[in-house]
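As structure tokens, the structure follows; a few thoughts come after it.
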Amino acid sequence: MRYVSTRGSAPELGFADVLLAGLANDGGLYVPDHWPTLAPRRSAGGSYVERAVEVMLPFVEPDIDEITMTHLCTEAYATFRHPAVVPLIQIGENQWVQELFHGPTLAFKDVALQLVGKMFDHVLAKRQQRVTIVGATSGDTGSAAIDGVSGCDNVDIVILYPLGRTSDVQRRQMTTVDAPNAHAVAVEGTFDDCQDLVKAMFNDADFRARNNLSAVNSINWARVMAQTVYYVVAAETFAQPPTFVVPTGNFGNVLAGWIAREMGAPIKDFVLASNRNDILTRFVNDSDMTSRPVEPSLSPSMDIAVSSNFERLLFEMNGRDGAMTDEQLTGFRSTGRLDIEADQRSDFVEGTFRAAAFDDDSTLAEIARLNAATGMTVDPHTACGTAAARLFAGTGDQQGPMITLATAHPAKFPDAVEQATGERPELPPHLGDLFDRDERTQTVANDLGAVQALVEALTR
Ligand SMILES: *Cc1c(COP(=O)(O)O)cnc(C)c1O
């Protein structure tokens with residue numbers, strides 16, 4: 001497979017180069033030059049890993065062959081603590097939840113990052129290269145990225161997090177990983193400061209080259225690719241094409257579903273669930289994509305002002321015209337408003353996306369309601385999803401099964417869950433001693449020079 005940039009002027013690359021590059025050098029995001037047709041299932045009762053290899057192989061060949069891919073997927077998904085990897089649980093008539101949180105750090109990001117870590121190590125070993133991954137996190141991404149590469153021989157990782165602003169569970173998941181190549185660093189600043197420091201390190205050409213910097217943020221194509229698999233696997237278990245309800249902020253998760261449907265997976269449509277940061281819901285319902293300041297919510301992993309992965313759908317809406325996509329997004333950056341033609345929008349939205357947004361009170365009420373009705377406890381991100389499923393379930397547009405994606409384990413957000421249900425959710429057994437483990441972390445000033453010196457000292 002060859003990959004092209006959504007901005008149209010970066011060189012075409014193969015999978016391995018796209019994996020390591022993250023962002024294209026024209027500022028765009030890489031996408032495959034065509035959407036492959038979904039391979040039929042070779043064995044009816046096959047495992048998640050078998051199907052994962054079949055779904056992803058066209059995207060990674062010829063850089064990664066089938067035997068290698070099988071090996072990488074087997075290792076990545078052996079870290080999940082459920083035999084089905086991403087089990088489906090029925091919660092009502094025609095209502096299902098797909099639990100994506102059985103990986104090591106209890107959020108759906110493990111599905112992609114466990115595999116991406118293994119792929120990085122494989123590609124780098126073949127090239128006899130070593131990279132330093134730097135990233136900023138407000139919580140979930142950092143721990144999933146650290147865990148994903150913690151056993152890798154050819155990768156160092158340094159994750160910056162805002163001192164005192166992550167939850168205790170989130171911080172400990174980063175600071176208690178016992179691997180010499182993984183480093184969590186507390187910055188005396190906010191999440192935005194951490195992101196700015198990472199950007200500044202990438203923009204320092206000398207520093208970037210000297211340390212072979214790389215990134216695994218949510219715009220990395222390999223993460224989107226790995227997420228297409230659970231849509232395929234879930235959809236294929238139903239006789240009637242299901243609707244997926246997706247708690248999303250950056251549009252990454254729902255984009256993966258859209259791609260699965262493009263490839264031919266039997267999927268009816270998608271419901272996007274937002275929190276109060278509702279740019280995607282405003283786009284779908286009111287044709288309004290205007291960026292507003294981020295407001296903190298109970299579902300922090302969806303607290304975003306701009307949905308970075310939307311760029312890949314926009315490229316499709318523009319008939320894969322990179323120059324036009326670049327122009328629109330450059331305009332968006334300067335005005336904070338993305339202008340999309342009405343008929344262009346409706347071709348892509350009607351019959352494909354519906355959306356709803358929920359504030360913190362509705363989120364808490366939904367956690368309590370679902371718990372009372374079914375005994376199931378969900379985290380605040382998932383609750384936005386089940387609330388959206390309930391909103392649309394009774395309407396004329398809705399036929400067939402609905403599957404809400406459960407993106408985090410409730411114990412990852414114990415305060416919100418306890419506030420809603422009166423009960424504090426317990427960490428699963430493999431993390432039961434999280435609060436007894438030794439933490440390994442460093443604190444650094446919100447200063448580029450200090451952070452760069454620390455990165456070099458840690459990865460030497
Ligand atoms: C990252 C995350 C999301 C949002 O994912 P998108 O990439 O924005 O679609 C939702 N829920 C949880 C728990 C997350 O960690």
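Note that the coordinates shown come from a computational prediction; the quantities given were computed from them, not determined experimentally. The residues of the chain are indexed from 1 along the displayed sequence. FYI, side chains are in, hydrogens and waters are out, and symmetry mates aren't considered; it's all heavy atoms of this structure.
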note = With sequence neighbours left out, the residues meeting salt bridge (charged side-chain N to carboxylate O under 4.0 Å, His left out) with Glu366 are Arg369, Arg390
ask   = Does one side chain, of Glu456 or Asn211, offer a donor that lies under 3.5 Å from an acceptor on the other?
value = yes
request  = List in chain and number order the residues that pass side chain to side chain donor-acceptor pair (under 3.5 Å) with Glu54, two or more places apart in sequence or in another chain; answer none if no residue qualifies.
outcome  = Arg51
query = Looking at Thr377 and Pro410, what are the two nearest heavy atoms and their distance?
reply = O-CG, 3.5 Å
query = According to the salt bridge (charged side-chain N to carboxylate O under 4.0 Å, His left out) rule, which pairs have a member within residues 148-158, sequence neighbours left out?
reply = Arg130-Asp156
query = Which residues pass the side-chain contact (heavy atoms from CB on, under 4.5 Å) test with Leu88, sequence neighbours left out?
reply = Trp96, Gln98, Ala234, Thr237, Phe238, Ile403
key: Distance in Å, Arg424 CZ paired with Glu426 CD, rounded so as to fall on 0.5 Å steps   = 11.0 Å
inquiry  = Between Val378 and Thr404, is the side chain to side chain contact (heavy atoms under 4.5 Å, CB included) condition met? List the steps.
reply    = CA-CA 11 Å; Val378 293; Thr404 300; over 6 Å; no
inquiry  = For Tyr3 and Phe15, take the angle between the two ring planes, folded into 0 to 90°, and tell me which bin it lands in: parallel under 30, tilted 30 to 60, perpendicular over 60.
reply    = tilted
request  = Scan side-chain atoms only and decide if Tyr161 and Thr441 contain a donor-acceptor pair under the 3.5 Å cut-off.
outcome  = yes
request  = Please determine, by modelled atom types, if Ser362 and Asp359 share a side-chain donor-acceptor pair under 3.5 angstrom.
outcome  = yes
inquiry  = More than 12 heavy atoms of other residues, nucleotides or ligands under 6.0 Å from CG of Asp436: yes or no?
reply    = yes
message = Are Phe80 and Tyr48, when compared by the centres of their aromatic rings, separated by less than 6.0 Å?
response = no
request  = Taking only Lys NZ, Arg NE, NH1 and NH2, and the carboxylate oxygens of Asp or Glu, determine whether Asp17 and Arg127 approach each other closer than 4.0 Å.
outcome  = yes
task = With sequence neighbours excluded, tell me which residues meet side chain to side chain donor-acceptor pair (under 3.5 Å) with Glu61.
result = none
Donor + acceptor pair across side chains of Arg312, Asn309 (<3.5 Å) = yes
ask   = Which of parallel (below 30°), tilted (30 to 60°) and perpendicular (above 60°) describes Phe270 and Phe244?
value = parallel
ask   = When rounded to the nearest 0.5 angstrom, what is the spacing between CG in Asp147 and CD in Gln173?
value = 8.5 Å
Which residues share a side-chain contact (heavy atoms from CB on, under 4.5 Å) with Thr281, sequence neighbours left out = Ser274, Asp278, Asn285, Ala355, Ala357
remark   = The side chain to side chain donor-acceptor pair (under 3.5 Å) partners of Thr132 (sequence neighbours excluded) come to none
message = Under a 3.5 Å distance rule, please check whether Asn181 uses its side chain to pair with a backbone N or O of Val149 as donor and acceptor.
response = yes
query = From Arg81 CZ over to His102 NE2, what is the distance, rounded to the nearest 0.5 angstrom?
reply = 11.5 Å
query = Partners of Arg2 by side chain to side chain donor-acceptor pair (under 3.5 Å), sequence neighbours excluded?
reply = none
request  = Taking atom CG of Asp178 as the centre, report whether more than 12 heavy atoms of other residues, nucleotides or ligands fall under 6.0 Å from it.
outcome  = no
query = Looking at residues at least two apart in the chain, or sitting in another chain, which of them share a salt bridge (charged side-chain N to carboxylate O under 4.0 Å, His left out) with Glu439?
reply = Arg171, Arg172
query = Has the side chain of Asp269 got a donor or acceptor atom that lies under 3.5 Å from a matching backbone atom of Gly351?
reply = no
inquiry  = Glu295: which residues meet the salt bridge (charged side-chain N to carboxylate O under 4.0 Å, His left out) condition with it, sequence neighbours left out?
reply    = Arg276
inquiry  = Determine whether a donor-acceptor pair (N or O, by modelled atom type, separation under 3.5 Å) exists between the side chain of Asp63 and the backbone of Ala16.
reply    = yes
inquiry  = Pairing donors with acceptors under 3.5 angstrom, does anything connect the side chains of Ser299 and Asn275?
reply    = yes
query = Who pairs with Thr190 by side-chain contact (heavy atoms from CB on, under 4.5 Å), at least two apart in sequence or on another chain?
reply = Arg165, Asp192, Asp193
request  = Check side-chain contact (heavy atoms from CB on, under 4.5 Å) between His409 and all other residues, then give those that pass, not counting sequence neighbours.
outcome  = Phe101, Leu106, Ala411, Pro428
